[in-house]
Number of protein chains: 2
Amino acid sequence: MATISDVATRAGVSTATVSRALNGKATVDPELAARVLAAAEELGYRPNGPARNLRKQETAVLALIISDVENPFFTAIARGVEDVAHEAGYSLVLCNSDDTPEKEREYVDVALQERVAGVLLSPTGNEDTATLLARHSTPVVAVDRPLPERASDAVLVDNRLAAKHATLHLAGQGYGRIGCLTGPSGVPTADDRLTGYRDGLRAAKVAASSSLVRRSRFKAEGAQQAAHALLTQDDPPDALLVGNSTMAVGVLEALAALHLKPGRDVGLVAFDDAPWTTLLDPPLSVVAQPAYDIGALAARLLLERITGERTDTSTTTLSAHLVVRGSSSC
Amino acid sequence: MATISDVATRAGVSTATVSRALNGKATVDPELAARVLAAAEELGYRPNGPARNLRKQETAVLALIISDVENPFFTAIARGVEDVAHEAGYSLVLCNSDDTPEKEREYVDVALQERVAGVLLSPTGNEDTATLLARHSTPVVAVDRPLPERASDAVLVDNRLAAKHATLHLAGQGYGRIGCLTGPSGVPTADDRLTGYRDGLRAAKVAASSSLVRRSRFKAEGAQQAAHALLTQDDPPDALLVGNSTMAVGVLEALAALHLKPGRDVGLVAFDDAPWTTLLDPPLSVVAQPAYDIGALAARLLLERITGERTDTSTTTLSAHLVVRGSSSC
DNA sequence: TTGAAAGCGCTAACAC
DNA sequence: GTGTTAGCGCTTTCAA
């Protein structure tokens, strides 16, 4: 593959001039610049990224570490990040941590090695990855979940408030035994939603009971089992606040298997809007999170920090909004 | 950030020894190796990726260029690719081409610049990106769609046959005016599905009519409009083969707006299985594609080519299978 | 405005 | 088994 000196030879100039011409530096004779451009074109020259990165001690790459690209919520975030990154001339390395501290740690290591310009991290709650990044002074923005014990930029959603609103809504619809199916303990979003749910019960003066709360991974399968257990126990809930749209699939399957109809038999509100929620009968009430915006904003913050435009740390909390549909009214 | 010579100094050895020790070369005195490891650990040393990449003239990075990560089919592919890549110690750069030749071209340029080890490409049908890659002898594997006019590795799905089967199934269920809603002209998967649909009509001896065929982007919105137009015209179809699950959302919305029920009023089969398809009433019949496997296999092929284990080009065509549910029987 | 030359951090000959 | 050294391809002083 052609190098900068091949181009220089062909254009009859030095490599310095080629570099300057190709990078659009002002101080280059137009005629020489044209010759350089032509030579580069003829040779199909592409600057060697690693060489440039080494020399400049910086790369135009961001890393996005999320739990799972197959989760539509994270996909939307990824899309937001990618759009902004691409716009700014940055590439995006995608990493699935599967919510395991080991994989997260491994990916942070890769990011550090490759000297990525910055990292967007939806942390598992594992402390050392954050300190690791800090030690190497790589800019980080926490996405969807805060970084434990460390002041860093973060773009979050007010899950607690959203869960409270959703719970109040269910109570207002006349459901009296409202349950909650949330994600694993220790995952901030899961915990916040549970706390918000309890806030809601309290505000609505509805009795809380630990038998109405279940946790599972943020996946359909676990949620299905948990929902089944919840609905077949003594004194089952008559409504359910569900942790995300993937879990909602499991819950809806469990309901169908028990011949229970959403809304009529069991009131339902799930976190995350998804295109298919309106197709159900009845359509699913949801807490819609601005996932794309989270990603786009986080990427913008990260870029600002990378370029040094901003040095103070900021936590932005976006709000989610309740979309009431048929599944939450008897 | 600590460099290899910092580690060398601290361990009291040369940089060569550090390099050897850290890369697990056999010929290093165990005691020295231990000292090196300790020094590296103490300094929080991370080898400089760009420097190593420059020196070795290779990177452990793959690029995945797909039309849209928000499409669950591509997401599943991405996940398959990432799992295999990660297993082999490779990172993955994610690129959304939005099915535009310009963005695709742009991303191929980036991949070339960064000297990625290989590219997984779901091409728009634009010829020059393929030749570009070939000119620079970067290994490529085409994913989901073949590379135009060029012998390269490819992992495809037999869309034509699958579409034929689906159409035959609809005909067998007694639908007599079967329509087809597929993707943009020129996108091979869209065209193949249309061809297969026509194969099916012919085999079933059902009359074909161009008024029963519509195209739109592989998105819900376009599909909704197209479906609406199709269903409100004179002599509307009584069944529809739909191009993918995203389009299916649009079609189902259009049906609901017209108070038409899938199955009873309009038979429906859509490409791509999705978790929510079983939640509908009636559940949606689909053509399930092995998306994760496509990604995983493509990544494996690419890695084999990168390492030189394989030099002959191969085209693997996986088959999709029809999953009959309620939406395709009156 | 242009060129010569140093050097980013690493690995791989090569010499010892 | 270990050290010395060249050089990957680029950008950026520094001189001219």
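Proteins get letters first, then strands, A, B, ... in listed order; numbering begins at 1 in each. Model, not experiment: these values are computed from the prediction.
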From [options], nucleotide with atom closest to [X] side chain:
X        : options                  : answer
Asp29(B) : dT11(C), dT2(D), dC10(D) : dT2(D)
Thr27(A) : dT1(C), dC8(C), dT2(D)   : dT1(C)
Lys56(A) : dT12(D), dT2(C), dT11(C) : dT12(D)
Ala16(A) : dT12(D), dG9(D), dC10(C) : dT12(D)

- Query: Which part of the nucleic acid, if any, lies within reach of Pro47(B) when heavy atoms closer than 4.0 Å are counted: base, sugar-phosphate only, or nothing?
  - Reply: sugar-phosphate
- Task: May I ask you to say what Asn53(A) touches in the nucleic acid, namely base, sugar-phosphate or nothing, with a heavy-atom cut-off under 4.0 Å?
- Result: nothing
- Item | Under 3.5 Å donor-acceptor pair, Arg20(A) side-chain atoms to dG3(C) base atoms | yes
- So, does the side chain of Arg55(A) form a donor-acceptor pair with the base of dG9(C) at under 3.5 Å? no
- Message: Does Glu309(B) have more than 12 heavy atoms from other residues, nucleotides or ligands lying within 6.0 Å of its CD?
- Response: yes
- Give a yes or no on whether Glu87(A) atom CD has more than 12 heavy-atom contacts from other residues, nucleotides or ligands under 6.0 Å away. no
- 4.5 Å side-chain heavy-atom contact, Arg305(A) and Val141(A): no
- When the nearest nucleotide of DNA chain D is assigned to Gly49(A) and to Pro30(B) on a heavy-atom basis, which residue is associated with the more 5' position? Pro30(B)
- When you match Leu32(B) and Asn23(A) each to their closest nucleotide on DNA chain D, which lands nearer the 5' end? Leu32(B)
- Query: Of all heavy-atom pairs between Gly12(B) and Arg35(B), which one has the smallest distance, and what is that distance?
  - Reply: O-NH2, 3.7 Å
Spacing between [X] atom [atom1] and [N] atom [atom2], to the nearest angstrom:
X        : N       : atom1 : atom2 : answer
Arg46(B) : dC10(C) : CZ    : C1'   : 17 Å
Leu22(B) : dG9(C)  : CG    : C1'   : 13 Å
Arg35(A) : dT2(C)  : CZ    : P     : 9 Å

- Message: Go nucleotide by nucleotide along DNA chain C from the 5' end; which of Gln57(A) and Thr15(A) gets its closest nucleotide reached first?
- Response: Thr15(A)
- Query: So, Arg310(A) side chain and Leu301(A) main chain: donor-acceptor pair closer than 3.5 Å or not?
  - Reply: yes
